[in-house]
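This is a predicted model, so every value here is computed, not measured. All values below were derived from every heavy atom in this structure, side-chain atoms included, with hydrogens, water molecules and symmetry-related copies excluded.
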Amino acid sequence: MTNCPLTIRYPFDSGLAGNDDSLAWTGRIGGTEIYTAGDLDRSGEQKILDKYPFLAPKIVKFGHHGSRTATDPNVFDVWQPRIGIVSAGRDSRYGHPHQEVLDVANHERMIVYSTQVQGMLRYVYQKNQGHFEVSRHDITKSKGTN
């Protein structure tokens, strides 16, 4: 059995179950610090940075599916992540990921994986080594003939 120790970083207090109360966690997995935070916005990211100034995740799942309300450029400038993950549906009606998020990723010279492009993402790790595997399965609906 492999341990997967995670540290809850946010929220600091009880909330009303809104996006700004999204659960944020970090963990060292495959020798790499990973961060993810549901739909947490820029303000929440800044609060995490303020409370944990030495946090430096190398893999981040962009908040709120890559919405412009998350991925604070100032926070990412401090963290300097190397890999970003967008978890959003193909042809998102909200336009996720937003260009502002991709601009932050570009500024930080991040490799970006997106479920819209690569499909299923899997992080495979053993001890202090890890890598991503992607598999895209196009689902094509075929019309039956009667």
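Expressed to the nearest 0.5 Å, how far CD of Q46 lies from CG of D41 amounts to 11.0 Å. How far CG of L49 is from CG of D77: 10.5 Å, rounded to the nearest 0.5 Å. One distance of note links NE2 of H131 with OH of Y123; it measures 9.5 Å at 0.5 Å rounding. Interatomic distance, CZ of R28 versus CD of E33, reported as 5.0 Å (0.5 Å rounding).
Checked against the 6.0 Å centroid threshold, Y10 and F12 count as a close aromatic pair.
Remark: R9 is positioned above the aromatic ring of Y52, its terminal NZ or CZ atom under 6.0 angstrom from the ring centre and at most 45 degrees off the axis.
In this structure, V101 and G66 approach most closely via the heavy-atom pair CG2-O, 3.2 Å. Contact detail for R42 and A70: the closest heavy-atom pair is NE-O, 3.4 Å. In this structure, L55 and W79 approach most closely via the heavy-atom pair O-CD1, 3.2 Å.
Under a hydrophobic-cluster definition in which Ile, Leu, Val, Met, Phe, Trp and Tyr are linked whenever side-chain heavy atoms come within less than 4.5 Å, directly or via other members, I83 and I29 are assigned to the same cluster. I85 is not connected to V75 by any chain of hydrophobic side-chain contacts under 4.5 Å among Ile, Leu, Val, Met, Phe, Trp and Tyr, and they are in different clusters. Note on W25: it does not cluster hydrophobically with F62, by side-chain heavy-atom contacts below 4.5 Å among ILVMFWY residues. Connection of I59 to F76 is not established within any shared hydrophobic cluster, with ILVMFWY side chains joined at heavy-atom distances below 4.5 Å, either directly or through further cluster members. Both L6 and L23 are assigned to one and the same hydrophobic cluster, defined by single-linkage of ILVMFWY side chains at heavy-atom distances under 4.5 Å.
Atom CD of E133 is surrounded by more than 12 heavy atoms from other residues, nucleotides or ligands within 6.0 Å.
The closest side-chain heavy-atom distance from H64 to S22 is not below 4.5 Å. Residues Q80 and R82 are in side-chain contact: their nearest non-hydrogen atoms beyond the backbone lie under 4.5 Å apart.
Of the possible donor and acceptor atoms, none in the side chain of T26 sits under 3.5 Å from a partner among the backbone N and O of Y35. The backbone N or O of T71 lies less than 3.5 Å from a partner atom in the side chain of E45, making a donor-acceptor pair.
With K61 as reference, T36 is the one residue of L121, V86, T36 to meet the side-chain contact (heavy atoms from CB on, under 4.5 Å) rule.
Below 30°, between 30° and 60°, or above 60°: for H96 and H65 the angle between ring planes is below 30°, a parallel geometry.
Listed by first and then second residue, the side chain to side chain donor-acceptor pair (under 3.5 Å) pairs that reach into residues 97-110 are R68-E100, Q99-D103, sequence neighbours excluded.
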